[in-house]
Amino acid sequence: MGKLELVQSLKTDSGRIWNVSWHPKGTALASCGEDKSIRIWTKDLRGKWINKVVLTDGHKRTIRQIAWSPSGNYLASASFDATTCIWDKKCGEFECNATLEGHDNEVKSVAWSSSGLFLATCSRDKSVWVWEVNDEDEYDCTSVINSHTQDVKKVVFHPSDNFLASCSYDDTIKLYKDEPSEFEWICYETLKGHTSTVWSISYDSTGTRLASCSDDCTVKIWKEYPTGFPPGNGGPTWKCICTLDGYHDRTIYDISWCHSTGLIATACGDDCIRVFKEDAGSDSDAPTFSMVTKEKGHNQDVNCVTWNPEVPGLLASCSDDGDIKLWEFKK
Amino acid sequence: MSRFSGALQLTDLDDFITPSQECIKPVKIEKKTTSTTGSKIKIQEDGYFQIEEDGSVQKLQKVEITLADCLACSGCITSAESVLVTQQSQEELLRVFEENKRIKLDGTSAAKLIIVSLSIQPILSLAIRYQLSPNDCVSKLAQYFKQLGADMVVDMTIADDFAILETQREFIRRYRATETDGVQNVLPMLASSCPGWVCYAEKTHGSYILPYIATTKSPQQIMGSLIKDYVCCNLGNRSIYHVTVMPCYDKKLEASREDFFSEETESRDVDCVITAIELEQMLSRDGIELSSLDNGKLCQPWISKESEVSPALVKHIGSGSGGYADHIFKYAAHELFGQECDSLEYKNLRNPDFREVILEKDGKVLLRFAIANGFRNIQNLVQKLKRGKSLYHYVEVMACPSGCLNGGAQVRPKEGRTVKDLVIEVEQLYSSLPCHSPEDSKIIKQLYDNWLGGQDSDKCSGVLHTQYHEIAKIPNALNIKW
């Protein structure tokens, strides 16, 4: 067993916090929520995390998610006002210098590709959009993909290649790739297995496995079989190789697969944060995971958990209770 | 798979907060007495019943939602698909054919004159599907419709010609208004013939984009006016039922617009729109081998009642969506700058569905035109316009990728073939047709004189042009929570 030790609680008094996102260098944390603002938290000289910057006036409604670009120079925010804002620091301070319009209604999620050249957004309008960043810091829409049949909850890029994954209220996960001959991103795989809304997904460090969490109270691990399944039978495909059932009593809203430690953290509607660890020596085609800790982290739904990309074991969480908390996972 | 263009597939239907809210059109209930206690409604399998205070039960009327209601609402659009099925379907078409046959037999009342107008894109789609030459395909289709009960089958090229000539002149008017009078918001002129694009612009971008859209009617609606106004008049004001054969479902929405309803005749300029994919279904259901049918002829009722010709399909220069960009470019180069352009060289931008062409003189760009097909390119165009970064004078905008030859209701590729391959085949077939210039059409000149009273007459702007309406977004009380 291990445990989550509270490092610091960041109070905001700004209502429900929907999402927190680490700067790629791990030195700053951005948060967003129903007060329509973005807060950036950094460490002061004494090592305490403090709120340095509050970005306002970008959105007219709740900000559902924020994402740092791989360079750390840009911050994208997805809002229920149907727009996505891109903030940059060209003039010293963060300013919103581009607004991506086009979704019909609430934008639920935004993500940058590993190269920083593509941006993906998804919405209650059931569509996933891929935008390309051009030379003049403009964002051109390269694809509008209507493959989900319901509200799309989350978009996540592959850790190193031009692949994209999304999950939806239609209980499925879809995988997309850039198809240069079509000048478009296309859906190449649909992962079915969850029996209710899939709220979030997270790739492992290699991009060959994907973890998903759902309203059906399970976590599923999916694996890519590049030569078909069973291996050697046809083209690439993805299979569910593990289901973590019986651990969660309520909807699981978010999942984060740590790229340095391999730990999986979940954010649950029962106010708890759980951490899972793959058992040593488990079969790669049927792996087993053990829950190494469960911590009642918040007073209300936990909306988001995310591992720091540079500091192994440092986890950030946020909740409907308005708190952002930083945790250290200890064995 | 939806038969609407991509632009109309984004909907506002579902959310985890408000499951499947389908339509919010309020129902009007005629109340006999005013009750102080409110009324009780009982739900049974066969309907909803209102229980009156005296205990009597009254069945509540089911709400009928018309296509016009759908178009006037800022909400979903795909729920319009089910409405279309009843109002603009093959079943409705067959019902009208049957009823008209019966009236003819009975001889009790005046039968309608049924006219079917064929547009080029579905003809080519069906020609490939049934391995016929384009002209053979038209002949067989003419025969098929006559067997069903059509009185006349006509070619819509005449309406394409009108649309091209009118947009050419409209462009010059807009260009001059900008250059000499400094009028804002008239350039770039944006194409008006794609109802998917027009509907999207009305619902989503409203007053911002609408002034840029050409007022010239689409070929389908010009055909509607020609048939219901000129031809109708020439045939002694016979009651006409007008069917068009089109490449997408969006055309059904267009035909249903209030702007194209005549109070006078209490009918629409186009009564029913049928698409290539529906024709394929009709033929297969009737067990008809299209190639085995006799060759039918096409009528030209705008020339004379008896005029009948064998089909001789033509293409226009430029795209298979009507060739607007090419025609307007050449015309404007000539009219405005005295330049003759033989062939236009387009440069692909981000993808082959966004192309631009420029006219340069002494290093100065005189004209900058583009063709933007498909929803993503519409997005990029609209955003450019909003940010004031559009340098275009004209953009041919079509909601379907690859334009109208790849319309949402064209015949699907056979098992094992890709849409892309099929589109290439349709495009090749289109480019194999002999080229035709609308300026050379004698009959068009005559119609301008005889029907419209000249090219700049009031009747001309009344009959060949239309207007657009901003549709205000209705905020949905259920999702303003955050």
Side-chain angles (χ1 to χ4, degrees), chain A residues 15-16 18 33-36 59-64 79-83 98-106 108 123-127 129-132 134 136 138-153 168-170 179-185 196-197 199 215 251, chain B residues 1-2 4-21 74-78 200 203-205 208 348-355 372-387 389 399 401-402 418-420 423 473 475-476 478-482:
Chain A
R16 184 192 306 253
W18 277 113
E34 67 180 346
D35 73 344
K36 311 176 193 72
H59 292 290
K60 295 192 188 70
R61 287 177 62 194
T62 290
I63 303 177
R64 183 64 179 85
S79 165
F80 284 3
D81 67 10
T83 70
T99 301
L100 313 187
E101 296 177 13
H103 278 295
D104 214 26
N105 46 46
E106 290 89 331
K108 297 295 181 77
S123 157
R124 188 167 71 87
D125 69 16
K126 306 174 194 170
S127 64
W129 294 43
V130 182
W131 311 77
E132 196 172 346
N134 71 19
E136 297 124 36
E138 283 194 9
Y139 297 79
D140 284 328
C141 165
T142 59
S143 293
V144 176
I145 315 162
N146 287 302
S147 46
H148 280 296
T149 58
Q150 300 285 347
D151 184 15
V152 189
K153 299 296 188 187
S168 158
Y169 183 76
D170 69 9
E179 189 64 63
S181 67
E182 305 275 332
F183 300 89
E184 207 154 6
W185 286 68
S196 188
T197 304
W199 276 96
D215 181 56
T251 303
Chain B
M1 192 171 173
S2 176
F4 285 108
S5 61
L8 292 184
Q9 286 174 36
L10 287 183
T11 67
D12 195 10
L13 270 174
D14 303 287
D15 186 37
F16 66 101
I17 313 164
T18 54
S20 199
Q21 170 201 353
S74 68
C76 62
I77 188 73
T78 20
Y200 175 75
K203 277 178 186 278
T204 317
H205 299 289
Y208 191 81
N348 279 359
L349 297 180
R350 306 204 67 76
N351 52 64
D353 266 338
F354 205 146
R355 300 181 283 152
N373 292 329
F375 187 57
R376 58 178 167 161
N377 292 319
I378 286 182
Q379 284 307 314
N380 291 328
L381 174 69
V382 168
Q383 295 311 321
K384 262 203 173 110
L385 272 172
K386 281 197 167 175
R387 288 199 295 266
K389 291 199 169 180
S402 306
T418 64
V419 173
K420 204 174 153 192
V423 173
K473 278 239 171 197
N476 181 346
L478 289 161
N479 58 33
I480 358 184
K481 193 170 157 194
W482 289 301

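When reading the values below, keep in mind they use all heavy atoms of this one structure, side chains included, and skip hydrogens, waters and symmetry mates. In what follows, chains carry the letters A, B, and so on, assigned in the order in which the sequence lines appear, proteins first and then strands, with residues in each chain numbered from 1.
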Between [atom1] of [X] and [atom2] of [Y], what distance do you get to the nearest 0.5 Å?
X        : Y        : atom1 : atom2 : result
B/Gln383 : A/Trp131 : CD    : CH2   : 6.5 Å
A/Glu132 : B/Asn380 : CD    : CG    : 10.0 Å
B/Asn351 : A/Thr142 : CG    : OG1   : 8.5 Å
A/Phe183 : B/Asn348 : CZ    : CG    : 6.5 Å

Are the charged groups of B/Lys384 and A/Glu138 less than 4.0 angstrom apart, N to O? no
Correct closest heavy-atom pair for B/Tyr200 and A/Gly102 would be OH-O, 4.2 Å
Considering non-hydrogen atoms only, spot the tightest contact between B/Gln379 and A/Glu101 and give its length. OE1-O, 3.7 Å
Using a 4.5 Å cut-off on heavy atoms from C-beta on, say whether the side chain of A/Trp129 contacts that of B/Phe375. yes
